[in-house]
Amino acid sequence: MEALFEVLRENGTISEGHYDRLIRALDHEAEVAEAPKQVKVETEGGVEASTYDGAFSFQLGGRLMVDAAFYDQDERENNLGDGTELRRSRIDVEGRMFHDWIYELAVDFADAEGKVDVKDAYIGYEGWWPASFKVGQFKEPFSLEELTSSKYITFMERALPNEFAPGRNIGIGGHRYWDSFTIAGGVFGEAYDTDTDDEGDEGYGVVGRLTYAPIHQDTRAVHLGAAAEYRETDDEDQIRFRTRPESHVTGVRFANTGRIQEVDHTIKYGLEAAGVWGPFSVQGEYIYTDVDRNSGFEDVDFNGWYAFASWFPTGESRSYKAKKGAFGRVKPRRRFGALELAARYSTIDLTDGPVTGGEEKNITLGLNWYINPQVRAMANYIIIDNDDDADDDGDVQGNDDPKAFQVRVQADF
Amino acid sequence: MEALFEVLRENGTISEGHYDRLIRALDHEAEVAEAPKQVKVETEGGVEASTYDGAFSFQLGGRLMVDAAFYDQDERENNLGDGTELRRSRIDVEGRMFHDWIYELAVDFADAEGKVDVKDAYIGYEGWWPASFKVGQFKEPFSLEELTSSKYITFMERALPNEFAPGRNIGIGGHRYWDSFTIAGGVFGEAYDTDTDDEGDEGYGVVGRLTYAPIHQDTRAVHLGAAAEYRETDDEDQIRFRTRPESHVTGVRFANTGRIQEVDHTIKYGLEAAGVWGPFSVQGEYIYTDVDRNSGFEDVDFNGWYAFASWFPTGESRSYKAKKGAFGRVKPRRRFGALELAARYSTIDLTDGPVTGGEEKNITLGLNWYINPQVRAMANYIIIDNDDDADDDGDVQGNDDPKAFQVRVQADF
Amino acid sequence: MEALFEVLRENGTISEGHYDRLIRALDHEAEVAEAPKQVKVETEGGVEASTYDGAFSFQLGGRLMVDAAFYDQDERENNLGDGTELRRSRIDVEGRMFHDWIYELAVDFADAEGKVDVKDAYIGYEGWWPASFKVGQFKEPFSLEELTSSKYITFMERALPNEFAPGRNIGIGGHRYWDSFTIAGGVFGEAYDTDTDDEGDEGYGVVGRLTYAPIHQDTRAVHLGAAAEYRETDDEDQIRFRTRPESHVTGVRFANTGRIQEVDHTIKYGLEAAGVWGPFSVQGEYIYTDVDRNSGFEDVDFNGWYAFASWFPTGESRSYKAKKGAFGRVKPRRRFGALELAARYSTIDLTDGPVTGGEEKNITLGLNWYINPQVRAMANYIIIDNDDDADDDGDVQGNDDPKAFQVRVQADF
């Protein structure tokens with residue numbers, strides 16, 4: 001408009017006085033229109049509203065995962081139970097305030113007993129970017145697979161050694177990245193739903209993680225990472241590790257230490273490696289857990305590892321995010337989506353000294369169909385191999401070697 | 001603007017060069033403005049954001065229903081308990097992604113024990129419209145009253161035979177409509193909160209529904225429908241039917257089969273009919289349930305039906321949606337809203353062979369005030385008639401004939 | 001644009017016909033653009049959408065509070081339990097429909113056992129403003145501190161006598177304000193999570209509150225208030241008062257009447273006073289509770305009071321809202337936020353006649369840093385003094401005088 005008025009003034013169509021009057025009218029109009037225009041609204045299924053200056057924003061998203069699982073049982077005494085479930089049904093609200101302050105509150109409603117499950121619930125400060133800080137409940141920086149969102153993991157369930165990953169607890173943490181490096185650490189109590197009423201003091205942990213990505217391009221990446229956590233138990237001095245057989249519809253957990261008494265603290269170490277070469281990728285992790293017990297009780301240690309390879313026949317690449325040191329969203333190139341084939345070997349050993357939690361070794365074959373960037377169908381076939389000790393905490397028969405076939409449809413918004 | 005520039009060029013006020021310069025400025029401005037303009041935001045209490053091309057959208061709504069009930073008791077041993085409750089307090093998020101993919105996640109928070117109650121939680125595909133498909137948790141297509149939203153039902157509670165309607169389960173289903181017909185069907189497991197941990201395999205059902213509406217105009221409609229469901233029980237081989245006396249504040253359920261053991265499968269049939277003639281309407285359903293038990297156990301069958309009539313003295317009509325085969329929102333014509341008078345007879349018979357669940361016959365008188373399209377006040381008076389067997393699962397005295405007066409204020413957004 | 005066309009017509013650049021054509025084009029454009037422009041979207045971390053005519057609006061906000069507490073214990077038998085918690089993680093949806101109708105639905109997800117906690121859940125009518133009416137679950141008008149949002153209270157926890165405040169129940173209420181006065185009242189049943197199944201009739205209460213603010217400017221205010229509630233117990237005729245020691249991480253409640261049997265009704269009186277003089281403010285309340293029991297059982301009465309003073313070294317004032325008779329949001333004046341120092345004395349006496357619930361007297365020192373209007377950090381040091389009867393319902397040792405240090409980071413959006 002201003003350009004028009006100038007042209008008109010230049011060629012004498014309107015006088016200087018008319019010009020001023022028009023500019024004033026224009027300014028007034030702009031002012032009136034300004035308030036609503038300050039906010040930009042976008043939707044890709046969820047919704048985002050943000051001011052143009054970037055000072056404030058709001059985002060509401062979520063995820064829905066619908067599973068069905070069928071078990072080919074081995075030992076008939078262990079009933080795994082075919083069926084369906086809402087694996088995740090989550091709403092996630094996040095935002096930015098006064099440029100530097102962020103928050104996130106994500107709540108999952110999929111629990112079969114009707115319990116709320118608060119996931120991320122933190123307040124963050126990004127005023128010293130690329131360093132950032134959070135206080136509240138969020139994931140301790142430990143394990144590549146744990147830190148990769150469930151929306152983006154390659155198999156339906158994370159691998160067996162994920163049982164060792166600390167996951168989300170309430171604490172305070174910092175994260176910083178450079179070109180190829182990230183460093184993260186924090187001090188954490190326990191999760192919000194670990195009630196300490198009348199139970200004495202909560203446990204707490206100190207954690208750190210370092211990642212290095214010598215290559216991190218769109219279709220090629222190499223990731224190396226290491227993490228460690230020291231954690232004191234709460235006043236009950238107990239700890240338990242147990243894990244489902246990479247299938248969540250069943251409630252059976254073969255590998256299971258039961259409650260280990262008189263635990264003073266645990267120390268965990270994790271090593272991570274991953275590589276992406278165009279449509280091919282590999283990923284692996286090893287986690288070692290040292291359980292230090294009070295004097296008079298034998299220390300024990302457990303460990304587990306997994307490795308997997310994946311291939312996109314349709315040519316896409318897994319998306320590595322060097323700033324986070326984790327994987328992100330795969331966007332299909334074609335109208336009919338992307339296909340991914342994957343195979344994983346994983347193992348966890350929960351037997352040591354007096355603790356006979358069992359050893360489990362799983363082979364998983366996976367097929368993923370990325371229908372569009374936000375909708376994905378998955379199928380997994382899992383060959384489960386438990387040793388004699390892996391007996392669901394003694395409740396059921398050991399040495400059970402069932403197979404599981406499970407499918408998922410997921411959407412995130 | 002382009003029209004202006006053309007006029008100015010036509011009458012020689014601006015030169016061709018000036019014209020080009022102005023058009024370029026205009027194009028640039030349009031480009032800058034485009035991004036935010038792609039999304040249209042609307043609110044009618046909730047919020048909706050949608051891209052102008054219809055490819056993506058987001059909607060957040062909900063419903064609030066506040067009830068109070070007062071009981072005129074008959075047998076003093078059965079304490080129905082006057083009081084108040086939040087009948088429903090629900091948030092409903094839904095959206096569209098990449099034109100054809102939809103999702104919905106609706107969560108109700110009204111449970112008095114603080115349990116989450118996930119309602120619709122599905123991912124859908126509408127690429128072959130008017131055929132559509134869903135996977136996740138949603139209502140099995142069975143029963144006109146069940147498929148009519150609680151926001152729009154004529155009485156505060158659905159009729160007694162609604163106990164037989166399968167309601168929401170996790171499964172996969174399809175729906176298609178023609179001018180006067182709808183057909184819907186699916187295969188469903190159990191609801192998300194029916195935990196199968198250590199319980200063996202989940203049950204599953206196959207369901208189909210057909211509706212025919214020879215007349216479906218704004219103020220006149222005739223609806224005919226039929227549905228059937230075959231359902232295998234889970235590995236516990238149990239089933240139970242029990243229902244509150246069309247009043248939800250009380251926890252007493254007079255008609256109650258208790259847990260019927262050794263059930264192999266059930267087969268349900270439903271017949272539906274409804275008509276709308278201007279301010280008058282009638283509606284009725286009959287549901288028959290056949291319970292097939294394992295060999296050595298007597299099969300039983302139960303049934304129930306209801307019929308009601310309603311009249312809007314203020315002239316509105318009940319809103320029939322032929323594409324869904326269900327009823328929708330009433331919009332008052334006048335400033336002070338619409339009034340509806342309604343009367344219903346309903347009955348359920350849960351006694352057969354060895355099962356003495358009781359027979360209940362209720363008469364309900366209803367008055368609805370549709371204050372505006374989204375706010376409604378309701379009052380129901382229910383005359384309850386239980387036979388000797390209808391005794392709240394044997395816990396309380398049979399042949400109880402209380403009366404209930406209950407009121408509701410509801411808003412949906 | 002119209003101004004431009006008029007100028008052009010005036011000075012003869014365009015003819016009357018051209019003018020009409022341009023105005024028509026302009027009108028058409030305005031019409032096309034109108035729909036999305038009707039809604040104004042704003043974000044300050046949450047989101048608000050409202051139509052320009054004020055008839056409809058939607059707002060989604062929430063609050064996050066992350067706490068850690070450390071206890072300096074006195075009697076070692078009473079384990080208060082250091083730890084962390086999500087004190088509040090709440091999503092709040094509210095809106096307006098057809099000018100006069102409002103709703104609010106606020107749900108808190110912070111409960112450590114995974115229970116949903118519905119807070120405000122009401123439908124309101126504001127057609128006779130400044131009188132307004134609500135039906136549903138909301139706070140009974142009683143107690144200045146209770147009616148001041150947890151986002152704005154001066155200390156991390158409300159004072160001990162807050163145990164007597166009725167808080168949120170399901171009912172119907174009205175509120176009106178004049179220049180210096182507010183009056184509010186209502187009739188309330190019990191809260192949505194007080195299940196009456198098989199428990200007989202719910203209790204109910206009648207409540208009224210009057211406030212007078214002879215001065216209510218931005219930086220100076222005087223508040224006086226009085227409230228009373230008469231409440232009948234439910235059919236179980238029981239009541240219990242118990243309170244944590246102004247620290248919520250612990251589950252220990254020293255002052256605790258246990259279940260008082262055979263209660264017919266309670267009558268509560270509350271007196272409130274507060275003053276703001278620039279950066280200085282004081283506030284106090286006294287609540288008296290009369291417990292009337294059935295014949296043959298001795299009546300008892302309890303009471304409590306608190307008083308606190310606060311000072312903003314950075315010069316801000318506490319924000320008094322005369323229309324509500326409560327305090328609101330503090331907005332820091334400086335880039336690095338506002339600081340507030342505060343000290344409180346509070347006491348509750350739950351011993352009378354046969355009831356020996358104990359007496360507790362606490363001194364709290366508080367430091368608040370209002371980082372920006374929506375983010376606040378808090379630290380409280382609490383010196384707790386329990387008498388011999390204050391023994392956590394007899395479960396633990398009396399006369400325990402621990403100290404608590406607790407910190408919070410909170411954000412609201």
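Each chain gets a letter, A, B and so on, in the order its sequence line appears, and its residues count up from 1. All values below come from the heavy atoms of this structure, side chains included, with hydrogens, waters and symmetry mates left out.
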Notebook entry, point to check: Nearest heavy-atom pair of M97(C) and Q374(B): which atoms, and what distance?
Noted result: SD-NE2, 3.1 Å
Run the side-chain donor-acceptor check on residues 99-108 of chain C: report pairs under 3.5 Å with partners two or more places apart or on a different chain.
residue, atom, partner, partner atom, Å
Y103(C), OH, G45(B), O, 2.7
E104(C), OE1, Y122(C), OH, 2.8
D108(C), OD1, S89(C), N, 3.4
D108(C), OD1, A110(C), N, 2.9
D108(C), OD2, R90(C), NE, 3.0
D108(C), OD2, R90(C), NH2, 3.4

Next item on the list: Would you mind reporting whether V47(C) and V47(B) have side-chain heavy atoms less than 4.5 Å apart?
Entry: no
Check: Do L4(B) and L4(C) have side chains that get closer than 4.5 Å, going by heavy atoms?
Finding: yes
Next item on the list: Please say whether more than 12 non-hydrogen atoms of neighbouring residues, nucleotides or ligands are located less than 6.0 Å from CD in E48(C).
Entry: yes
Checklist line | Taking every non-hydrogen atom, the tightest pair across G200(C) and N79(B) | finding: CA-ND2, 3.3 Å
Notebook entry, point to check: Given side chains that start at C-beta, do those of L60(B) and F58(C) come closer than 4.5 Å, heavy atoms only?
Noted result: yes
Margin query: Taking side chain as everything from C-beta outward and backbone as N, CA, C, O, which of these in T51(C) sits under 4.5 Å from a heavy atom of chain B? Side chain, backbone, both or neither.
Written below: both
Check: Quick one: CG on D412(B) to CD1 on I123(C), what's the gap to the nearest 0.5 Å?
Finding: 9.5 Å
Margin query: So which residue, F98(C), F188(C), Y204(C), ends up with the most heavy-atom pairs under 4.5 Å with chain B?
Written below: F98(C)
Checklist line | Atom pair OG1/CD1 of T84(B) and I172(C) - distance to nearest 0.5 Å | finding: 12.0 Å
Margin query: For V375(B), which atoms come within 4.5 Å of any heavy atom of chain C: side chain, backbone, both, or neither?
Written below: side chain
Checklist line | I170(C) side chain near L86(B) side chain, heavy-atom distance below 4.5 Å | finding: yes
Next item on the list: Could you check if a side-chain atom of F413(B) sits within less than 4.5 angstrom of a side-chain atom of V93(C), using non-hydrogen atoms only?
Entry: yes
